[in-house]
J.: 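Questions regarding the structure given below will be posed in turn.
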Amino acid sequence: MKKGNLKHIVREHIEEKSLSDIQLNSLMALQKKQNKKSIIQTRWLAVAAVLLLAVSNVFYFGSSSNLKLDQRIGSEVAKNHINLKPLEIQTSSIREIGQFLTELDFVPVESSLLKGSTKNLIGGRYCSIQGVTAAQLRLKDSKSGQIQSLYQTVYDEKKFPGLPLLKENQKPVTVYSKGLAVDIWVEKGILFALTHDINK
Amino acid sequence: MFDKDDLQLLYRYAYSLTCDEHNGYDLLQAALEKFIKLDVEVNQPVAYMKKIIYNRFIDDYRHQKIVQFESFEESDLPADFDVQTLEDLLVNENMAEKILQFLEPDEREIIYCWAIEGFSTSEIAIKLDKPKGTVLSKIYRMRKRLSKQFSKDSNMTGGLSYEKR
């Protein structure tokens, strides 16, 4: 094994790290938005996009590949929900979230299961489900104040086989992870995963 | 504000503290948010951002563990000891990440100042706003810990050895 001076090795290692184009553009956009100082500045204080890095995905899948798909999704979703990372956009409009998260290859939609509920949209950010780019929407229940995460990503039957399809009158499957329940279903070509407290 | 080169530099700094690309980005993002919110005019925005990044990192890290610069008498150190004594440590090429992960956060800060910014011990002490003796003691202990951890496998992956001066 070839050896080198500690200083040189450490410097090379750190200097080879760089932001991706998406990350850079998001940070630049964040600054530009601030410069405009628009009226809705505070609501639109956009934060940079974070896509889960391939390395962490590989690690994640490696450690959980023996779990069923729905359990893997539930576990990933519960973990992200508990972290509650900063929202990249704060809005009650699903349309505005779709317009803001431009790196998504789908349009975030409302689920028929949530229509008429007391859960109000408060914002969103980028995330991923099983390595696929996704939107993490945050909901707040107007009655209980409970914060929930609703994940949406493109439904690919090959990638996500065996999940319940609403159009075939199948009911969402509920899995449990880290003290949370996660409902998973497919609707309008989108895979949904919704967290909620077990003690609801 | 910051151009792309500044952001890359700040990202590398955040990475050097967190040893994780994802966490490094999150840290930079949070610091940038704070910088924008503060809306202050500073002469050296990059340096100011580094300070925000470091403070934010320490705040986050304290949730897990207390970070402390321990005092240490300079008289306990070899007379000719300074950051340059790290220069003679030889490590395997693929071990940088493992070594960074092994170090404590404040040690990684010192390593960054030394390896990336090329600071001397005195400059590091000024930058970190710590007494020179404290920084020296940190370097001394860091070197000992690195030696203990990695030199036992000097012929194996990750081995650490010394360059003859």
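Labels below follow one simple rule: chain letters A, B, ... track the order of the sequence lines, proteins then strands, and each chain is numbered from 1.
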J.: Sorted by first residue and then second, give each salt bridge (charged side-chain N to carboxylate O under 4.0 Å, His left out) pair with at least one member in residues 160-175 of chain A; sequence neighbours left out.
T.: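 Every candidate salt bridge (charged side-chain N to carboxylate O under 4.0 Å, His left out) pair involving residues 160-175 of chain A fails, so no pair, neighbours aside, qualifies.
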J.: Answer with side chain, backbone, both or neither: which region of B/Leu9 has an atom nearer than 4.5 Å to a non-hydrogen atom of chain A?
T.: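 For B/Leu9, neither part sits under 4.5 Å from chain A.
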J.: Check whether B/Arg12 reaches the backbone of A/Lys17 with its side chain - one donor and one acceptor, N or O, closer than 3.5 Å.
T.: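 Judged by distance alone, yes, a pair lies under 3.5 Å.
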J.: Nearest 0.5 angstrom please: B/Ile36 CD1 to A/Gln31 CD, how far?
T.: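 Nearest 0.5 Å value for the CD1-CD distance: 5.5 Å.
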J.: Could you check if a side-chain atom of B/Trp114 sits within less than 4.5 angstrom of a side-chain atom of A/Leu6, using non-hydrogen atoms only?
T.: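 Touching, per the 4.5 Å side-chain cut-off.
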J.: To the nearest 0.5 Å, what is the distance between CE on A/Met28 and CG on B/Asp3?
T.: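 Interatomic distance, A/Met28 CE to B/Asp3 CG, rounded to 0.5 Å: 6.5 Å.
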J.: Can you confirm whether A/Lys140 is buried at NZ, in the sense that more than 12 heavy atoms of other residues, nucleotides or ligands lie under 6.0 Å from that atom?
T.: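 Incorrect, the count does not exceed 12.
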J.: Give a yes or no on whether A/Leu114 and A/Val107 share a hydrophobic cluster (residues Ile, Leu, Val, Met, Phe, Trp, Tyr; joining criterion: side-chain heavy atoms under 4.5 Å apart).
T.: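 In one cluster: no.
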J.: What heavy-atom pair brings A/Val10 and B/Ala96 nearest, and what distance separates the two atoms?
T.: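 Taking every non-hydrogen atom into account, CA-CB, 4.3 Å.
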J.: State whether the side chain of B/Glu97 and the backbone N or O of A/His13 hold a donor-acceptor pair below 3.5 Å, judged by distance alone.
T.: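 Such a contact is absent between B/Glu97 side chain and A/His13 backbone.
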J.: Within a 6.0 Å radius of atom CD on B/Gln44, are there more than 12 heavy atoms belonging to other residues, nucleotides or ligands?
T.: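 It does not: B/Gln44 CD has 12 such atoms or fewer within range.
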J.: Measuring only between side-chain heavy atoms, which start at C-beta, is B/Leu28 closer than 4.5 Å to A/Gln23?
T.: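 Of all side-chain heavy-atom pairs linking A/Gln23 with B/Leu28, none is under 4.5 Å.
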J.: State the NZ-CG distance between B/Lys4 and A/Leu19, to the nearest 0.5 angstrom.
T.: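 The NZ atom of B/Lys4 sits 10.5 Å away from the CG atom of A/Leu19.
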J.: What is the distance from atom OG of A/Ser18 to atom OH of B/Tyr15, rounded to the nearest 0.5 Å?
T.: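 Separation between the atoms: 12.0 Å.
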J.: Is the backbone N or O of A/Leu27 less than 3.5 Å from a side-chain atom of B/Gln29, with the two atoms forming a donor-acceptor pair by type?
T.: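 Flag not set: sc B/Gln29 to bb A/Leu27 has no pair under 3.5 Å.
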J.: Only pairs at least two apart or in different chains count here, so list each ring-ring contact (aromatic ring centres under 6.0 Å, His included) that has a residue in residues 134-183 of chain A.
T.: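 As it turns out, there is no ring-ring contact (aromatic ring centres under 6.0 Å, His included) pair with a partner in residues 134-183 of chain A once direct neighbours are skipped.
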J.: Which atoms of B/Leu100 are under 4.5 Å from chain A, going by heavy atoms: the side chain, the backbone, both sets, or neither?
T.: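 For B/Leu100, the contact with chain A is made by the side chain alone.
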J.: Mark yes when over 12 heavy atoms from residues, nucleotides or ligands other than A/Lys178 sit less than 6.0 Å from its NZ; otherwise mark no.
T.: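 Buried by this count: over 12 neighbours within 6.0 Å.
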J.: So, does A/Arg11 use its side chain to make a donor-acceptor pair with the main chain of B/Ile116 at under 3.5 Å?
T.: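 Checked: no pair found.
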J.: Inspect the surroundings of CD in A/Glu110 and state if more than 12 heavy atoms from other residues, nucleotides or ligands are less than 6.0 Å away.
T.: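 Atom CD in A/Glu110 is not packed in, count stays at 12 or less.
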J.: Can you see which heavy atom on B/Glu33 is nearest to which on A/Pro86, and at what distance?
T.: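 That would be OE2-CB, 4.1 Å.
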J.: Let me know if B/Tyr13 has heavy atoms under 4.5 Å from chain A in its side chain, its backbone, both or neither.
T.: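 The answer is neither part of B/Tyr13.
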J.: By a 4.5 Å heavy-atom criterion (distance strictly below it), what part of A/Glu15 contacts chain B: side chain, backbone, both, or neither?
T.: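 Both parts, backbone and side chain.
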J.: Crowded around A/Asn83 CG? As in, over 12 foreign heavy atoms under 6.0 Å?
T.: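 Atom CG in A/Asn83 is crowded, with more than 12 foreign heavy atoms closer than 6.0 Å.
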J.: Might you confirm whether atom CZ of A/Arg138 has over 12 heavy atoms from other residues, nucleotides or ligands at distances under 6.0 Å?
T.: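 Above 12, so yes.
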J.: May I ask you to check whether over 12 heavy atoms, not counting those of A/Arg95, lie within 6.0 Å of atom CZ?
T.: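 No, not enclosed.
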